[in-house]
Number of protein chains: 2
Amino acid sequence: MSATASERSYHHGRLREALLVAGLGLARADGPEAVVLRAASRAAGVSHNAAYRHFADRDELLRAVCEQCMSRLAVLMEARIDALPADRDPVATAWARLDAIGRAYVEFATTEPGWFRTAFAVPPTLDSFGLGEGVGASGLGPYALLSARLDELVEVGAVPSERRPGAEYAAWSAVHGLSTLLNDGPLRDLPAIEREHALRVVLDTVARGL
Amino acid sequence: MSATASERSYHHGRLREALLVAGLGLARADGPEAVVLRAASRAAGVSHNAAYRHFADRDELLRAVCEQCMSRLAVLMEARIDALPADRDPVATAWARLDAIGRAYVEFATTEPGWFRTAFAVPPTLDSFGLGEGVGASGLGPYALLSARLDELVEVGAVPSERRPGAEYAAWSAVHGLSTLLNDGPLRDLPAIEREHALRVVLDTVARGL
DNA sequence: TCGTCAATGTTGTCGCTGTCAACATCAGTC
DNA sequence: GACTGATGTTGACAGCGACAACATTGACGA
(Lines give C-alpha, C1' and ligand atoms only; values in the text may rest on other atoms or scores of the structure.)
Protein backbone atom coordinates (compact mmCIF):
# COMPACT_ATOMS: atom_id res chain seq x y z
CA MET A 1 0.00 0.00 0.00
CA SER A 2 2.95 2.30 0.64
CA ALA A 3 4.32 1.68 -2.84
CA THR A 4 3.59 4.47 -5.30
CA ALA A 5 3.42 3.84 -9.03
CA SER A 6 7.00 5.00 -9.49
CA GLU A 7 8.55 2.60 -7.01
CA ARG A 8 6.60 -0.46 -8.00
CA SER A 9 8.81 -3.15 -9.44
CA TYR A 10 6.81 -5.99 -10.88
CA HIS A 11 3.38 -5.94 -9.31
CA HIS A 12 1.31 -2.83 -9.63
CA GLY A 13 -0.61 -3.23 -6.41
CA ARG A 14 -3.69 -1.24 -7.37
CA LEU A 15 -4.05 -2.17 -10.97
CA ARG A 16 -7.80 -2.66 -10.90
CA GLU A 17 -8.43 0.86 -9.66
CA ALA A 18 -5.80 2.24 -12.03
CA LEU A 19 -7.50 0.60 -14.99
CA LEU A 20 -10.84 1.93 -13.87
CA VAL A 21 -9.49 5.45 -13.58
CA ALA A 22 -7.86 5.14 -16.98
CA GLY A 23 -11.10 3.82 -18.43
CA LEU A 24 -13.02 6.73 -16.96
CA GLY A 25 -10.57 9.13 -18.58
CA LEU A 26 -10.94 7.46 -21.96
CA ALA A 27 -14.72 7.41 -21.65
CA ARG A 28 -14.82 11.03 -20.63
CA ALA A 29 -12.85 12.15 -23.65
CA ASP A 30 -14.30 9.95 -26.38
CA GLY A 31 -17.17 7.87 -25.08
CA PRO A 32 -17.60 4.15 -24.50
CA GLU A 33 -15.95 2.98 -27.72
CA ALA A 34 -12.73 4.61 -26.52
CA VAL A 35 -12.60 2.34 -23.47
CA VAL A 36 -9.97 0.09 -24.96
CA LEU A 37 -8.10 -2.53 -22.96
CA ARG A 38 -4.71 -1.79 -24.40
CA ALA A 39 -5.09 1.96 -24.02
CA ALA A 40 -6.18 1.58 -20.40
CA SER A 41 -3.24 -0.74 -19.76
CA ARG A 42 -0.83 1.75 -21.28
CA ALA A 43 -2.30 4.56 -19.18
CA ALA A 44 -1.84 2.42 -16.08
CA GLY A 45 1.81 1.90 -17.02
CA VAL A 46 1.35 -1.79 -17.45
CA SER A 47 1.62 -4.18 -20.33
CA HIS A 48 -1.39 -5.26 -22.37
CA ASN A 49 -2.97 -8.42 -20.99
CA ALA A 50 -2.31 -7.46 -17.40
CA ALA A 51 -5.92 -6.29 -17.32
CA TYR A 52 -7.08 -9.86 -17.78
CA ARG A 53 -6.09 -10.59 -14.19
CA HIS A 54 -8.80 -8.18 -13.03
CA PHE A 55 -11.42 -8.18 -15.79
CA ALA A 56 -12.62 -11.19 -17.73
CA ASP A 57 -12.68 -9.20 -20.95
CA ARG A 58 -13.13 -5.73 -22.35
CA ASP A 59 -16.83 -5.84 -21.69
CA GLU A 60 -16.31 -6.34 -17.98
CA LEU A 61 -14.05 -3.29 -17.78
CA LEU A 62 -16.57 -1.28 -19.76
CA ARG A 63 -19.33 -2.42 -17.41
CA ALA A 64 -17.33 -1.25 -14.41
CA VAL A 65 -16.74 2.13 -16.04
CA CYS A 66 -20.46 2.35 -16.86
CA GLU A 67 -21.36 1.88 -13.22
CA GLN A 68 -19.02 4.68 -12.26
CA CYS A 69 -20.62 6.98 -14.82
CA MET A 70 -24.10 6.10 -13.61
CA SER A 71 -23.01 6.81 -10.08
CA ARG A 72 -21.71 10.23 -11.04
CA LEU A 73 -25.02 11.01 -12.71
CA ALA A 74 -26.85 10.10 -9.53
CA VAL A 75 -24.46 12.18 -7.44
CA LEU A 76 -25.07 15.26 -9.57
CA MET A 77 -28.83 14.78 -9.35
CA GLU A 78 -28.63 14.57 -5.56
CA ALA A 79 -26.36 17.60 -5.39
CA ARG A 80 -28.78 19.70 -7.42
CA ILE A 81 -31.63 18.73 -5.12
CA ASP A 82 -29.62 19.47 -1.99
CA ALA A 83 -28.62 22.89 -3.35
CA LEU A 84 -32.27 23.91 -3.53
CA PRO A 85 -33.69 26.33 -0.95
CA ALA A 86 -36.12 24.27 1.12
CA ASP A 87 -38.05 27.07 2.82
CA ARG A 88 -41.06 27.18 0.53
CA ASP A 89 -44.47 25.66 0.51
CA PRO A 90 -44.49 21.88 -0.06
CA VAL A 91 -46.10 21.97 -3.48
CA ALA A 92 -43.64 24.48 -4.90
CA THR A 93 -40.78 22.57 -3.31
CA ALA A 94 -41.90 19.31 -4.86
CA TRP A 95 -42.14 20.87 -8.32
CA ALA A 96 -38.78 22.58 -7.91
CA ARG A 97 -37.17 19.29 -6.99
CA LEU A 98 -38.57 17.49 -10.00
CA ASP A 99 -37.34 20.35 -12.14
CA ALA A 100 -33.92 20.18 -10.51
CA ILE A 101 -33.29 16.51 -11.15
CA GLY A 102 -34.51 16.88 -14.72
CA ARG A 103 -32.12 19.77 -15.26
CA ALA A 104 -29.33 17.82 -13.55
CA TYR A 105 -29.89 14.88 -15.90
CA VAL A 106 -29.58 17.06 -18.98
CA GLU A 107 -26.75 19.03 -17.42
CA PHE A 108 -24.76 15.85 -16.91
CA ALA A 109 -25.44 14.73 -20.47
CA THR A 110 -24.29 18.01 -22.00
CA THR A 111 -21.32 18.77 -19.74
CA GLU A 112 -20.03 15.19 -19.69
CA PRO A 113 -21.21 13.73 -23.00
CA GLY A 114 -18.63 10.94 -22.96
CA TRP A 115 -19.61 9.80 -19.50
CA PHE A 116 -23.31 10.07 -20.28
CA ARG A 117 -23.02 7.92 -23.37
CA THR A 118 -20.89 5.46 -21.45
CA ALA A 119 -23.43 5.23 -18.63
CA PHE A 120 -25.88 3.71 -21.11
CA ALA A 121 -23.38 1.88 -23.30
CA VAL A 122 -23.86 -1.41 -21.51
CA PRO A 123 -27.61 -1.48 -20.99
CA PRO A 124 -28.15 -1.23 -17.23
CA THR A 125 -30.98 -3.16 -15.69
CA LEU A 126 -33.72 -1.31 -13.87
CA ASP A 127 -32.26 -2.61 -10.64
CA SER A 128 -28.76 -1.34 -11.29
CA PHE A 129 -30.13 1.93 -12.60
CA GLY A 130 -32.23 2.37 -9.53
CA LEU A 131 -30.67 0.62 -6.60
CA GLY A 132 -27.67 -1.30 -7.81
CA GLU A 133 -23.98 -0.55 -7.45
CA GLY A 134 -23.89 2.49 -9.71
CA VAL A 135 -25.56 4.83 -7.30
CA GLY A 136 -25.14 8.12 -5.54
CA ALA A 137 -24.26 9.09 -2.01
CA SER A 138 -27.69 8.25 -0.64
CA GLY A 139 -27.56 4.76 -2.12
CA LEU A 140 -30.21 5.58 -4.70
CA GLY A 141 -29.81 5.46 -8.47
CA PRO A 142 -31.27 7.94 -10.95
CA TYR A 143 -34.46 5.94 -11.31
CA ALA A 144 -35.08 5.76 -7.59
CA LEU A 145 -34.36 9.47 -7.25
CA LEU A 146 -36.98 10.24 -9.88
CA SER A 147 -39.51 7.93 -8.24
CA ALA A 148 -39.03 9.70 -4.93
CA ARG A 149 -39.79 13.07 -6.57
CA LEU A 150 -42.94 11.73 -8.18
CA ASP A 151 -44.08 10.19 -4.89
CA GLU A 152 -43.55 13.52 -3.20
CA LEU A 153 -45.67 15.29 -5.83
CA VAL A 154 -48.54 12.91 -5.13
CA GLU A 155 -48.12 13.22 -1.36
CA VAL A 156 -48.39 17.00 -1.39
CA GLY A 157 -51.38 16.81 -3.70
CA ALA A 158 -49.70 18.39 -6.70
CA VAL A 159 -50.36 15.36 -8.90
CA PRO A 160 -53.52 13.24 -8.73
CA SER A 161 -52.70 9.75 -7.52
CA GLU A 162 -54.36 8.10 -10.50
CA ARG A 163 -51.65 9.68 -12.63
CA ARG A 164 -48.87 8.18 -10.55
CA PRO A 165 -48.59 4.70 -12.15
CA GLY A 166 -46.05 4.85 -14.95
CA ALA A 167 -45.31 8.53 -14.43
CA GLU A 168 -41.60 7.68 -14.39
CA TYR A 169 -41.84 6.63 -18.01
CA ALA A 170 -43.04 10.06 -19.09
CA ALA A 171 -40.64 12.16 -17.04
CA TRP A 172 -37.67 9.97 -17.64
CA SER A 173 -38.25 9.50 -21.37
CA ALA A 174 -38.51 13.23 -21.85
CA VAL A 175 -35.21 14.18 -20.21
CA HIS A 176 -33.41 11.13 -21.52
CA GLY A 177 -34.62 11.80 -25.03
CA LEU A 178 -33.64 15.44 -24.90
CA SER A 179 -30.25 14.46 -23.52
CA THR A 180 -29.48 12.04 -26.33
CA LEU A 181 -30.84 14.35 -29.02
CA LEU A 182 -28.65 17.18 -27.73
CA ASN A 183 -25.70 14.86 -27.32
CA ASP A 184 -25.58 12.55 -30.31
CA GLY A 185 -28.66 13.50 -32.26
CA PRO A 186 -29.90 16.17 -34.60
CA LEU A 187 -29.90 18.82 -31.85
CA ARG A 188 -26.18 18.59 -31.14
CA ASP A 189 -25.44 21.87 -32.92
CA LEU A 190 -28.14 23.84 -31.12
CA PRO A 191 -26.79 27.10 -29.63
CA ALA A 192 -26.81 27.43 -25.86
CA ILE A 193 -29.81 29.75 -25.67
CA GLU A 194 -31.91 27.44 -27.80
CA ARG A 195 -30.78 24.51 -25.68
CA GLU A 196 -32.07 26.22 -22.58
CA HIS A 197 -35.33 26.96 -24.36
CA ALA A 198 -35.70 23.33 -25.38
CA LEU A 199 -35.00 22.18 -21.84
CA ARG A 200 -37.61 24.54 -20.40
CA VAL A 201 -40.22 23.45 -22.93
CA VAL A 202 -39.56 19.78 -22.22
CA LEU A 203 -39.70 20.15 -18.44
CA ASP A 204 -42.78 22.40 -18.49
CA THR A 205 -44.66 20.17 -20.90
CA VAL A 206 -44.07 17.10 -18.77
CA ALA A 207 -44.98 18.95 -15.59
CA ARG A 208 -48.27 20.10 -17.09
CA GLY A 209 -49.01 16.63 -18.36
CA LEU A 210 -48.44 14.77 -15.12
CA MET B 1 -29.20 -5.36 -64.75
CA SER B 2 -29.33 -8.71 -66.51
CA ALA B 3 -26.09 -9.82 -64.89
CA THR B 4 -26.62 -11.73 -61.66
CA ALA B 5 -23.93 -12.06 -59.06
CA SER B 6 -23.04 -15.52 -60.31
CA GLU B 7 -22.30 -14.51 -63.91
CA ARG B 8 -20.21 -11.46 -63.17
CA SER B 9 -16.59 -11.97 -63.98
CA TYR B 10 -14.40 -9.21 -62.68
CA HIS B 11 -16.49 -6.10 -62.29
CA HIS B 12 -19.50 -6.30 -60.06
CA GLY B 13 -21.53 -3.66 -61.83
CA ARG B 14 -23.73 -2.65 -58.94
CA LEU B 15 -21.29 -2.87 -56.09
CA ARG B 16 -22.34 0.35 -54.41
CA GLU B 17 -25.93 -0.80 -54.04
CA ALA B 18 -24.81 -4.28 -53.05
CA LEU B 19 -22.63 -2.86 -50.28
CA LEU B 20 -25.50 -0.70 -49.08
CA VAL B 21 -27.85 -3.68 -48.99
CA ALA B 22 -25.23 -5.70 -47.14
CA GLY B 23 -24.68 -2.84 -44.71
CA LEU B 24 -28.41 -2.60 -44.07
CA GLY B 25 -28.48 -6.30 -43.29
CA LEU B 26 -25.59 -6.03 -40.88
CA ALA B 27 -27.13 -2.98 -39.20
CA ARG B 28 -30.49 -4.70 -38.92
CA ALA B 29 -29.03 -7.69 -37.15
CA ASP B 30 -26.48 -6.09 -34.85
CA GLY B 31 -26.63 -2.32 -35.04
CA PRO B 32 -24.24 0.28 -36.40
CA GLU B 33 -21.05 -1.23 -34.98
CA ALA B 34 -21.71 -4.31 -37.11
CA VAL B 35 -21.50 -2.26 -40.29
CA VAL B 36 -18.00 -3.42 -41.09
CA LEU B 37 -16.33 -2.82 -44.43
CA ARG B 38 -14.89 -6.29 -44.76
CA ALA B 39 -18.12 -8.02 -43.78
CA ALA B 40 -20.10 -5.96 -46.26
CA SER B 41 -17.54 -6.74 -48.96
CA ARG B 42 -17.78 -10.46 -48.21
CA ALA B 43 -21.56 -10.32 -48.36
CA ALA B 44 -21.34 -8.61 -51.73
CA GLY B 45 -19.07 -11.39 -52.95
CA VAL B 46 -16.17 -9.08 -53.43
CA SER B 47 -12.76 -8.74 -51.93
CA HIS B 48 -11.99 -6.37 -49.07
CA ASN B 49 -10.88 -2.96 -50.32
CA ALA B 50 -13.21 -3.02 -53.30
CA ALA B 51 -15.52 -0.87 -51.20
CA TYR B 52 -12.98 1.93 -51.29
CA ARG B 53 -13.90 2.57 -54.92
CA HIS B 54 -17.37 3.62 -53.79
CA PHE B 55 -16.94 4.90 -50.23
CA ALA B 56 -14.07 7.00 -48.94
CA ASP B 57 -13.97 5.06 -45.70
CA ARG B 58 -16.09 3.04 -43.32
CA ASP B 59 -17.74 6.17 -42.03
CA GLU B 60 -19.08 7.07 -45.44
CA LEU B 61 -20.67 3.64 -45.85
CA LEU B 62 -22.15 3.91 -42.37
CA ARG B 63 -23.51 7.34 -43.21
CA ALA B 64 -25.22 5.98 -46.30
CA VAL B 65 -26.74 3.15 -44.27
CA CYS B 66 -27.89 5.68 -41.67
CA GLU B 67 -29.75 7.66 -44.28
CA GLN B 68 -31.53 4.52 -45.42
CA CYS B 69 -32.56 3.76 -41.86
CA MET B 70 -33.83 7.28 -41.30
CA SER B 71 -35.78 7.03 -44.51
CA ARG B 72 -37.42 3.81 -43.41
CA LEU B 73 -38.41 5.44 -40.15
CA ALA B 74 -40.06 8.29 -42.04
CA VAL B 75 -41.80 5.84 -44.35
CA LEU B 76 -43.30 3.95 -41.42
CA MET B 77 -44.47 7.18 -39.81
CA GLU B 78 -46.19 8.22 -43.02
CA ALA B 79 -47.74 4.80 -43.46
CA ARG B 80 -49.24 4.88 -39.98
CA ILE B 81 -50.75 8.29 -40.64
CA ASP B 82 -52.17 7.21 -43.98
CA ALA B 83 -53.70 4.10 -42.43
CA LEU B 84 -55.78 6.28 -40.11
CA PRO B 85 -59.52 6.73 -40.77
CA ALA B 86 -59.92 10.39 -41.74
CA ASP B 87 -63.69 10.74 -41.34
CA ARG B 88 -63.72 12.35 -37.92
CA ASP B 89 -63.82 15.84 -36.62
CA PRO B 90 -60.63 17.85 -37.23
CA VAL B 91 -59.54 18.06 -33.60
CA ALA B 92 -59.81 14.33 -33.00
CA THR B 93 -58.07 13.66 -36.30
CA ALA B 94 -55.19 15.95 -35.40
CA TRP B 95 -54.70 14.25 -32.04
CA ALA B 96 -54.96 10.81 -33.59
CA ARG B 97 -52.30 11.70 -36.13
CA LEU B 98 -49.90 12.95 -33.48
CA ASP B 99 -50.52 9.76 -31.56
CA ALA B 100 -49.94 7.68 -34.69
CA ILE B 101 -46.55 9.11 -35.55
CA GLY B 102 -45.45 8.80 -31.94
CA ARG B 103 -46.48 5.17 -31.91
CA ALA B 104 -44.82 4.62 -35.27
CA TYR B 105 -41.56 6.07 -33.95
CA VAL B 106 -41.52 3.71 -30.98
CA GLU B 107 -42.78 0.84 -33.11
CA PHE B 108 -39.85 1.27 -35.46
CA ALA B 109 -37.41 1.43 -32.58
CA THR B 110 -38.68 -1.77 -30.97
CA THR B 111 -39.33 -3.85 -34.10
CA GLU B 112 -36.11 -2.77 -35.83
CA PRO B 113 -33.73 -1.97 -32.99
CA GLY B 114 -30.64 -2.35 -35.14
CA TRP B 115 -31.91 0.04 -37.75
CA PHE B 116 -33.12 2.51 -35.17
CA ARG B 117 -29.75 2.64 -33.44
CA THR B 118 -28.06 2.94 -36.80
CA ALA B 119 -30.29 5.84 -37.84
CA PHE B 120 -28.77 7.89 -35.02
CA ALA B 121 -25.29 6.37 -35.08
CA VAL B 122 -23.86 9.13 -37.25
CA PRO B 123 -25.48 12.21 -35.73
CA PRO B 124 -27.82 13.56 -38.38
CA THR B 125 -28.19 17.29 -38.73
CA LEU B 126 -31.60 18.84 -38.26
CA ASP B 127 -31.74 19.36 -42.02
CA SER B 128 -31.05 15.77 -42.92
CA PHE B 129 -33.39 14.59 -40.22
CA GLY B 130 -36.12 16.85 -41.52
CA LEU B 131 -35.68 17.44 -45.21
CA GLY B 132 -32.43 15.88 -46.34
CA GLU B 133 -31.85 12.70 -48.32
CA GLY B 134 -32.95 10.29 -45.62
CA VAL B 135 -36.63 10.93 -46.04
CA GLY B 136 -39.92 9.22 -46.69
CA ALA B 137 -42.15 9.00 -49.72
CA SER B 138 -43.54 12.51 -49.30
CA GLY B 139 -40.04 13.98 -49.19
CA LEU B 140 -40.33 14.83 -45.52
CA GLY B 141 -38.14 13.52 -42.73
CA PRO B 142 -39.29 12.50 -39.23
CA TYR B 143 -38.77 16.00 -37.88
CA ALA B 144 -40.80 17.65 -40.63
CA LEU B 145 -43.56 15.08 -40.19
CA LEU B 146 -43.75 15.90 -36.49
CA SER B 147 -43.78 19.63 -37.17
CA ALA B 148 -46.67 19.22 -39.58
CA ARG B 149 -48.70 17.39 -36.90
CA LEU B 150 -48.06 20.13 -34.36
CA ASP B 151 -48.96 22.83 -36.88
CA GLU B 152 -52.20 21.01 -37.55
CA LEU B 153 -53.02 20.86 -33.85
CA VAL B 154 -52.64 24.64 -33.62
CA GLU B 155 -54.65 25.22 -36.77
CA VAL B 156 -57.66 23.27 -35.53
CA GLY B 157 -57.44 25.00 -32.19
CA ALA B 158 -56.47 21.95 -30.15
CA VAL B 159 -53.26 23.55 -28.94
CA PRO B 160 -52.92 27.25 -28.05
CA SER B 161 -50.57 28.97 -30.44
CA GLU B 162 -48.38 30.33 -27.65
CA ARG B 163 -47.45 26.71 -26.89
CA ARG B 164 -46.32 26.04 -30.42
CA PRO B 165 -42.72 27.36 -30.27
CA GLY B 166 -40.44 24.50 -29.28
CA ALA B 167 -43.25 21.98 -29.02
CA GLU B 168 -41.22 19.63 -31.21
CA TYR B 169 -38.65 19.37 -28.45
CA ALA B 170 -41.17 18.02 -25.99
CA ALA B 171 -42.94 15.57 -28.27
CA TRP B 172 -39.83 14.36 -29.94
CA SER B 173 -37.76 14.02 -26.77
CA ALA B 174 -40.47 11.93 -25.17
CA VAL B 175 -40.81 9.35 -27.92
CA HIS B 176 -37.11 9.31 -28.67
CA GLY B 177 -36.26 8.86 -25.02
CA LEU B 178 -38.76 6.06 -24.57
CA SER B 179 -37.43 4.40 -27.72
CA THR B 180 -33.83 4.41 -26.55
CA LEU B 181 -34.73 3.36 -23.01
CA LEU B 182 -36.74 0.42 -24.36
CA ASN B 183 -34.06 -0.42 -26.88
CA ASP B 184 -30.69 -0.03 -25.19
CA GLY B 185 -31.59 1.23 -21.76
CA PRO B 186 -32.90 -0.02 -18.46
CA LEU B 187 -36.35 -0.74 -19.92
CA ARG B 188 -35.14 -3.26 -22.49
CA ASP B 189 -36.46 -6.21 -20.47
CA LEU B 190 -39.93 -4.76 -19.96
CA PRO B 191 -42.68 -7.22 -20.92
CA ALA B 192 -44.87 -6.33 -23.86
CA ILE B 193 -47.89 -5.29 -21.80
CA GLU B 194 -45.83 -2.96 -19.68
CA ARG B 195 -44.25 -1.54 -22.81
CA GLU B 196 -47.64 -0.65 -24.15
CA HIS B 197 -48.52 0.92 -20.82
CA ALA B 198 -45.35 3.00 -20.87
CA LEU B 199 -46.03 4.13 -24.41
CA ARG B 200 -49.57 5.20 -23.55
CA VAL B 201 -48.42 7.11 -20.49
CA VAL B 202 -45.72 8.90 -22.45
CA LEU B 203 -48.00 9.87 -25.32
CA ASP B 204 -50.87 10.95 -23.06
CA THR B 205 -48.63 12.97 -20.79
CA VAL B 206 -47.15 14.89 -23.69
CA ALA B 207 -50.55 15.45 -25.27
CA ARG B 208 -51.90 16.89 -22.03
CA GLY B 209 -48.86 19.06 -21.62
CA LEU B 210 -48.89 20.61 -25.07
C1' DT C 1 -8.95 -2.85 -85.87
C1' DC C 2 -6.21 -1.55 -82.33
C1' DG C 3 -4.26 1.13 -78.59
C1' DT C 4 -5.12 4.08 -74.77
C1' DC C 5 -7.09 5.19 -70.49
C1' DA C 6 -10.09 5.79 -66.67
C1' DA C 7 -13.00 3.08 -63.75
C1' DT C 8 -13.20 -0.75 -60.99
C1' DG C 9 -11.67 -4.95 -58.44
C1' DT C 10 -7.50 -7.68 -56.19
C1' DT C 11 -3.39 -8.71 -53.54
C1' DG C 12 -0.23 -7.44 -50.14
C1' DT C 13 0.96 -4.96 -46.21
C1' DC C 14 0.79 -2.18 -41.87
C1' DG C 15 -0.76 -0.94 -37.27
C1' DC C 16 -4.43 -1.36 -34.20
C1' DT C 17 -7.50 -4.22 -31.40
C1' DG C 18 -9.20 -8.38 -28.28
C1' DT C 19 -7.91 -12.72 -26.72
C1' DC C 20 -5.42 -17.07 -25.70
C1' DA C 21 -1.20 -19.57 -24.11
C1' DA C 22 3.15 -19.86 -22.00
C1' DC C 23 6.35 -17.87 -19.02
C1' DA C 24 8.24 -14.71 -15.13
C1' DT C 25 8.01 -12.62 -10.66
C1' DC C 26 6.48 -11.90 -6.19
C1' DA C 27 4.18 -12.51 -1.48
C1' DG C 28 2.93 -15.50 1.78
C1' DT C 29 2.79 -19.94 4.17
C1' DC C 30 4.05 -24.75 5.81
C1' DG D 1 13.81 -22.53 2.58
C1' DA D 2 10.81 -24.58 -0.92
C1' DC D 3 6.07 -24.50 -2.58
C1' DT D 4 2.11 -22.13 -4.40
C1' DG D 5 -1.31 -18.99 -5.91
C1' DA D 6 -1.77 -14.30 -7.44
C1' DT D 7 -0.22 -11.06 -10.54
C1' DG D 8 2.35 -9.11 -14.55
C1' DT D 9 4.94 -10.06 -19.24
C1' DT D 10 6.00 -11.85 -23.77
C1' DG D 11 4.49 -13.84 -27.87
C1' DA D 12 1.17 -15.17 -31.00
C1' DC D 13 -3.17 -15.10 -33.89
C1' DA D 14 -7.30 -13.41 -36.28
C1' DG D 15 -10.23 -9.50 -37.56
C1' DC D 16 -10.47 -4.79 -38.54
C1' DG D 17 -9.54 -0.05 -41.30
C1' DA D 18 -6.54 1.92 -44.36
C1' DC D 19 -2.83 2.61 -47.88
C1' DA D 20 -0.12 1.24 -52.08
C1' DA D 21 0.72 -1.38 -56.06
C1' DC D 22 -1.13 -4.22 -59.49
C1' DA D 23 -4.84 -6.52 -62.67
C1' DT D 24 -8.92 -6.40 -65.48
C1' DT D 25 -12.32 -4.40 -68.17
C1' DG D 26 -15.09 -1.56 -71.14
C1' DA D 27 -15.42 2.64 -73.81
C1' DC D 28 -13.63 5.71 -77.03
C1' DG D 29 -10.80 7.67 -80.67
C1' DA D 30 -7.17 7.00 -84.41
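Every heavy atom of this structure was used, including side-chain atoms; hydrogens, water molecules and symmetry mates were not. So that the names make sense, note that chain A is the first sequence line, chain B the second, and so on, each numbered from 1.
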Listing, residues 39-48 of chain A side-chain donor-acceptor contacts under 3.5 Å, not counting sequence neighbours, or none:
residue, atom, partner, partner atom, Å
A/Ser41, OG, A/Leu37, O, 2.9

Testing C/dG18, C/dG9, C/dT17 for proximity to the side chain of A/Leu37, the answer is C/dG18

How far apart are the closest heavy atoms of A/Arg164 and A/Ser147, and which atoms are they? NH2-O, 3.4 Å

What's the NE2-C1' distance between B/His48 and D/dA20, to the nearest Å? 11 Å

Are any non-hydrogen side-chain atoms of A/Leu24 and A/Cys69 less than 4.5 angstrom apart? yes

Report the distance from atom CD of A/Glu33 to atom P of C/dC16, rounded to the nearest whole Å. 19 Å

With distance as the sole criterion, is a donor-acceptor pair present between the side chains of B/Tyr52 and B/Glu60 under 3.5 Å? no

Output field: ring centroids B/Trp172/B/Phe129 closer than 6.0 Å: yes

Beyond-backbone contact of A/Trp115 with A/Gln68, side-chain heavy atoms, under 4.5 angstrom: no

Here the gap from A/Leu178 atom CG to A/Thr180 atom OG1, rounded to the nearest 0.5 Å, amounts to 8.0 Å

Let me check something: any side-chain donor-acceptor pairs from residues 203-210 of chain A under 3.5 Å, sequence neighbours excluded? List them with distances.
residue, atom, partner, partner atom, Å
A/Thr205, OG1, A/Val201, O, 2.6
A/Arg208, NE, B/Gly209, O, 2.8
A/Arg208, NH2, B/Gly209, O, 2.9

Could you check whether the rings of B/Phe116 and B/His176 sit parallel, tilted or perpendicular, using 30° and 60° as the cut-offs? tilted

Compute the bend angle of the helix from C/dT1-D/dA30 to C/dC30-D/dG1 from the end axes (five pairs per end), rounded to 10°. 20°

Quick note, side-chain hydrogen bond (donor to acceptor under 3.5 Å, both in side chains) partners involving residues 16-31 of chain A, not counting sequence neighbours, are A/Arg14-A/Glu17, A/Arg28-A/Glu112

Please list, by residue number, the residues of residues 49-61 of chain A whose heavy atoms come closer than 4.0 Å to an atom of DNA chain D; answer none if no residue qualifies. A/Asn49, A/Ala50, A/Arg53, A/His54

Does B/Leu150 reach the side chain of B/Val159, with side-chain heavy atoms less than 4.5 Å apart? no

Where the side chain of A/Arg38 is defined as all heavy atoms beyond and including C-beta, which of D/dA12, C/dG9, D/dC16 is the nearest nucleotide? D/dA12

Near DNA chain D, counting only heavy atoms under 4.0 Å, which residues of residues 16-23 of chain B show up? none

It should be established whether A/Arg14 places a side-chain nitrogen or oxygen under 4.0 Å from OP1 or OP2 of nucleotide D/dG8. no

